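Here's the structure we're looking at; comments come further down.
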Amino acid sequence: MERQKPRTLSGFMELLPAPQLQMERMMEVLRETYGLYGFTPLDTPAIEASEVLLAKGGGETEKQIYRFTKGDADLSLRFDLTVPLAKYVALHYGELTFPFRRYQIGKVYRGERAQRGRFREFYQADIDIIGDGKLDILNEAEIPAIIYQTFSRLGLQRFQIRVNNRKILNGLFAVLGLSEQASDVMRTIDKLEKIGADKVAELLTGEFSVPPEAAATLLSVLQADASLAALAPFAGQNALLDQGIDELSQVANAMTAFGVPQSHFKIDLTIARGLDYYTGTVYETLLLEHPEIGSICSGGRYDNLAEYYTDKPLPGVGISIGLTRLFYVLGEQQLLNADRLNAPADVLILPMTADLNPAIALATKMRSAGLRTLLYSEDKKFKQKIGYADKLGIPYVLFLGEDELAAGIVACKDLRTGEQTKQSADETIALLLKALAPQRDIPVIREN
RNA sequence: GUGGGUAUAGCUCAGCUGGUUAGAGCACCGGAUUGUGGUUCCGGGGGUCGAGGGUUCGAACCCCUUUACCCACCCCA
């Protein structure tokens with residue numbers, strides 16, 4: 001028989017059991033937190049008709065999309081969750097209640113070169129709020145609060161949400177006579193933190209024929225410490241700019257009421273975001289200890305979610321967490337908690353008698369009590385039986401042999417301390433529940 | 001898509017100017033220790049050296065082709 005070498009495609013993450021459990025816990029925290037803000041879950045197909053996903057046409061997405069045919073059907077794998085959302089909202093417009101708040105955690109696919117922390121299949125965790133015709137600015141202030149809650153609940157502390165408004169940038173571009181190159185300039189200033197002001201100035205004046213004075217003015221305003229104050233001299237020159245300044249001020253004020261501490265957000269005029277559908281507030285979230293990894297959560301306000309599917313104006317605001325990348329980076333930085341929840345069970349029962357029935361009854365009893373229980377039924381040597389618990393990180397082992405059965409007790413060993421107790425099944429269950437309770441509150445992420 | 005690099009055991013890697021049966025650590029299996037693991041000691045299994053072709057008396061090593069992977073850029077989560 002010809003055997004194939006087992007392999008996993010580059011850019012596709014495949015985890016071992018313990019890290020997979022951590023990943024699932026992260027997702028649970030996200031679902032819980034999003035639920036607190038009234039978002040409902042949504043799931044859409046991973047595959048869509050190509051004409052739906054490529055309705056917008058052209059650009060990078062078309063080059064990166066996984067596209068194939070099956071019979072006569074021209075199909076594509078979704079490359080984000082926003083386009084499927086647009087389709088969904090347009091399709092079910094009449095049945096949805098607006099503002100529509102949904103969260104979606106799902107895999108997306110991008111056929112680009114994989115790199116460390118850069119995947120071809122990865123999870124995005126998105127939340128969006130879609131309005132019917134209008135959507136109040138307050139929603140744009142609530143989003144950072146959700147970001148703050150989410151990361152806090154995961155156990156992260158040292159992060160910062162950076163906020164800007166595209167109207168300010170576009171307004172400034174207009175004042176400086178750069179409206180024609182707006183998209184290129186936008187993408188270039190977004191690289192400020194990565195490549196520095198000198199390189200950006202070089203690119204602007206070189207590649208995109210921005211006059212040197214305009215580039216200098218732009219950079220000095222964007223990089224000023226007191227952002228809103230630096231914009232003051234431009235007030236009244238451009239309606240869009242004025243509106244942007246007003247919106248950004250409102251958002252910043254309301255964010256505090258929504259519970260985002262000053263320490264965790266910052267107005268930063270250099271946040272631009274590459275995607276061109278953002279029209280107002282934009283967000284980026286950085287790990288303060290690891291700014292080099294870039295944004296772990298980004299998004300913003302857009303005016304027309306579903307313009308390619310319907311003529312209904314559907315403004316919205318949303319963000320996306322790159323879960324796979326976040327998980328990868330946290331693991332690499334050793335910020336993930338290795339606690340007993342990464343074990344598949346709390347207790348392993350080792351029957352020492354030929355008759356397994358008492359052990360089965362005990363397992364059933366423990367599961368009813370809420371203990372994650374494994375029953376070792378394989379006929380192996382003792383060393384291998386207890387080694388099973390050891391390798392899986394299961395903290396407690398229960399021995400059930402002739403002696404214990406005769407005495408009506410169970411022997412319970414704590415593998416971490418080596419201590420062993422001998423008492424009734426009920427007493428043992430109570431003991432374990434008490435011992436394990438505090439660990440349920442340990443967050444996924446452990447900083448420091 | 002553009003440019004650069006790497007490919008040897010399950011994993012991380014060593015392997016001298018080409019020279020006999022290709023090594024280490026970790027992991028795995030067994031024993032010391034058949035109702036007490038994780039530590040220690042002893043032993044063991046495991047590799048068509050990414051694939052195909054060429055040069056040579058002889059190739060993991062040199063040459064060609066090819067595939068995969070990694071890094072940077074583009075773009076992005």
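A quick note: this is a predicted structure, and the numbers were derived from the prediction, not measured. Quick note on labels: first sequence line is chain A, next is B, and so on, each numbered from 1.
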### Query
When you compare B:A9 with B:A22, how far apart are their C1' atoms, in angstrom units rounded to a whole number?
11 Å
### Query
Which nucleotide sits closest to the side chain of A:F382: B:G35, B:C69, B:G31?
B:G35
### Task
Could you tell me whether a side-chain N or O of A:D346 sits under 3.5 Å from a main-chain N or O of A:R372, the two making a donor and an acceptor?
yes
### Query
Rounded to whole angstroms, how far apart are NZ on A:K199 and P on B:C74?
11 Å
### Task
Please state the C1' separation for the pair B:C13 and B:A27 - nearest whole angstrom.
14 Å
### Task
With RNA chain B as reference, determine whether A:S295 or A:A114 sits nearer its 5' end, using the nearest nucleotide of each.
A:A114
### Query
Quick one: A:Q115 CD to B:U6 P, roughly how many Å, whole number?
18 Å
### Query
Say you pick atom C1' in B:U8 and the same atom in B:C61; how far apart are they, in whole Å?
11 Å
### Query
Is there a side-chain polar atom (N or O) of A:S298 under 4.0 Å from OP1 or OP2 of B:C76?
no
### Query
How close or far is atom C1' of B:C70 from atom CZ of A:R118, stated in whole angstroms?
14 Å
### Task
Indicate whether any N or O donor in one side chain lies under 3.5 Å from an N or O acceptor in the other, for A:D128 and A:Y302.
yes
#### Entry: A:L75 backbone acceptor or donor facing A:S50 side chain under 3.5 Å
yes
### Pair A:R118 + A:E112, salt bridge at N-O below 4.0 Å
yes
### Task
Establish, with yes or no, whether the OP1 or OP2 oxygen of B:C76 is under 4.0 angstrom from a side-chain nitrogen or oxygen of A:R110.
no
### Query
Should the pair A:Y103 and A:Y34 be assigned to parallel (<30°), tilted (30 to 60°) or perpendicular (>60°) ring geometry?
tilted
#### Entry: A:Q384 vs B:G30: side-chain N/O to OP1/OP2 distance below 4.0 Å
yes
### Message
Less than 4.0 angstrom between a side-chain N/O of A:K191 and OP1 or OP2 of B:C73, yes or no?
### Response
no
### Query
Can you tell me if A:D74 and A:T69 form a side-chain donor-acceptor pair at under 3.5 Å?
no
#### Entry: Minimum-distance nucleotide (side-chain atoms of A:D390 versus B:A77, B:G38, B:C71)
B:G38
### Message
Rounded to whole Å, please give me the gap between NZ in A:K385 and P in B:G35.
### Response
8 Å
### Task
Rounded to the nearest angstrom, tell me the gap between atom CD1 in A:I386 and atom P in B:U34.
15 Å
#### Entry: Comparing A:G418 and A:S10 on RNA chain B - which has the more 5′ nearest nucleotide
A:G418
## Note on the structure
Using Watson-Crick geometry (N1-N3 plus N6-O4 or O6-N4) or G-U wobble (N1-O2, O6-N3), each under 3.5 Å, B:C26 is paired with B:G10
#### Entry: Stacked pair A:F399-B:G35, distance under 5.5 Å, angle under 30°
no
### Query
B:C29 P sits how many Å from A:Y388 OH, rounded?
13 Å
### Task
When you get a sec, tell me which of B:C69, B:G30, B:C75 is the closest nucleotide to the side chain of A:R120?
B:C69
### Message
Could you identify the nucleotide paired to B:U56, looking across every strand shown and requiring Watson-Crick or G-U wobble geometry with both distances under 3.5 Å?
### Response
none
### Message
Can you identify which nucleotide, out of B:A68, B:A77, B:G35, has its nearest atom closest to the A:F122 side chain?
### Response
B:A77
### Task
For B:G44 and B:G23, measure between their P atoms and round to the nearest Å.
14 Å
### Query
Who is the Watson-Crick or G-U wobble partner of B:G45, with both distances under 3.5 Å?
none
### Task
In whole angstrom, give me the gap between the C1' atoms of B:G15 and B:G25.
15 Å
### Task
Answer with base, sugar-phosphate or nothing: what part of the nucleic acid does A:K381 contact at a heavy-atom distance below 4.0 Å?
sugar-phosphate
### Interatomic distance where CZ belongs to A:R113 and P belongs to B:G5 [whole Å]
15 Å
### Query
Counting side-chain heavy atoms from C-beta on, which of B:G1, B:A77, B:C29 comes nearest to A:K391?
B:C29
### Task
Determine the interatomic distance between P on B:U2 and the same-named atom on B:C11; round to the nearest Å.
30 Å
### Message
Would the base of B:G35 count as contacting A:E404 through its side chain, where contact means a donor and an acceptor less than 3.5 Å apart?
### Response
yes
### Message
When both hydrogen-bonding distances must be under 3.5 Å and the geometry is Watson-Crick or G-U wobble, what is B:G1 paired with, if anything?
### Response
B:C73
### Query
Base, sugar-phosphate, or nothing: which does A:E121 touch, judged by heavy atoms less than 4.0 Å apart?
nothing
### Query
B:G31 phosphate, OP1 or OP2: any side-chain N/O from A:K383 under 4.0 angstrom?
no
### Query
Is there a side chain to side chain donor-acceptor pair (under 3.5 Å) between A:T270 and A:D268 once you walk through the steps?
CA-CA 5 Å; A:T270 70; A:D268 182 344; 2.7 Å; yes
### Task
Have a look at A:T324 and say if it touches a base, only the backbone sugar-phosphate, or nothing, with a 4.0 Å heavy-atom cut-off.
nothing
### Message
Suppose you measure atom C1' in B:C41 against the same atom in B:A68; what distance do you get, rounded to whole Å?
### Response
42 Å
### Query
Is the closest side-chain donor-acceptor distance between A:T61 and A:Q64 under 3.5 Å?
no
### Query
What's the closest nucleotide to the A:Q420 side chain, out of B:C69, B:C75, B:U36?
B:U36
### Message
Just the rounded figure in Å: distance from P of B:A77 to CD of A:E284.
### Response
9 Å
#### Entry: Distance, P atom - from B:C28 to B:U39, rounded to whole angstrom
9 Å
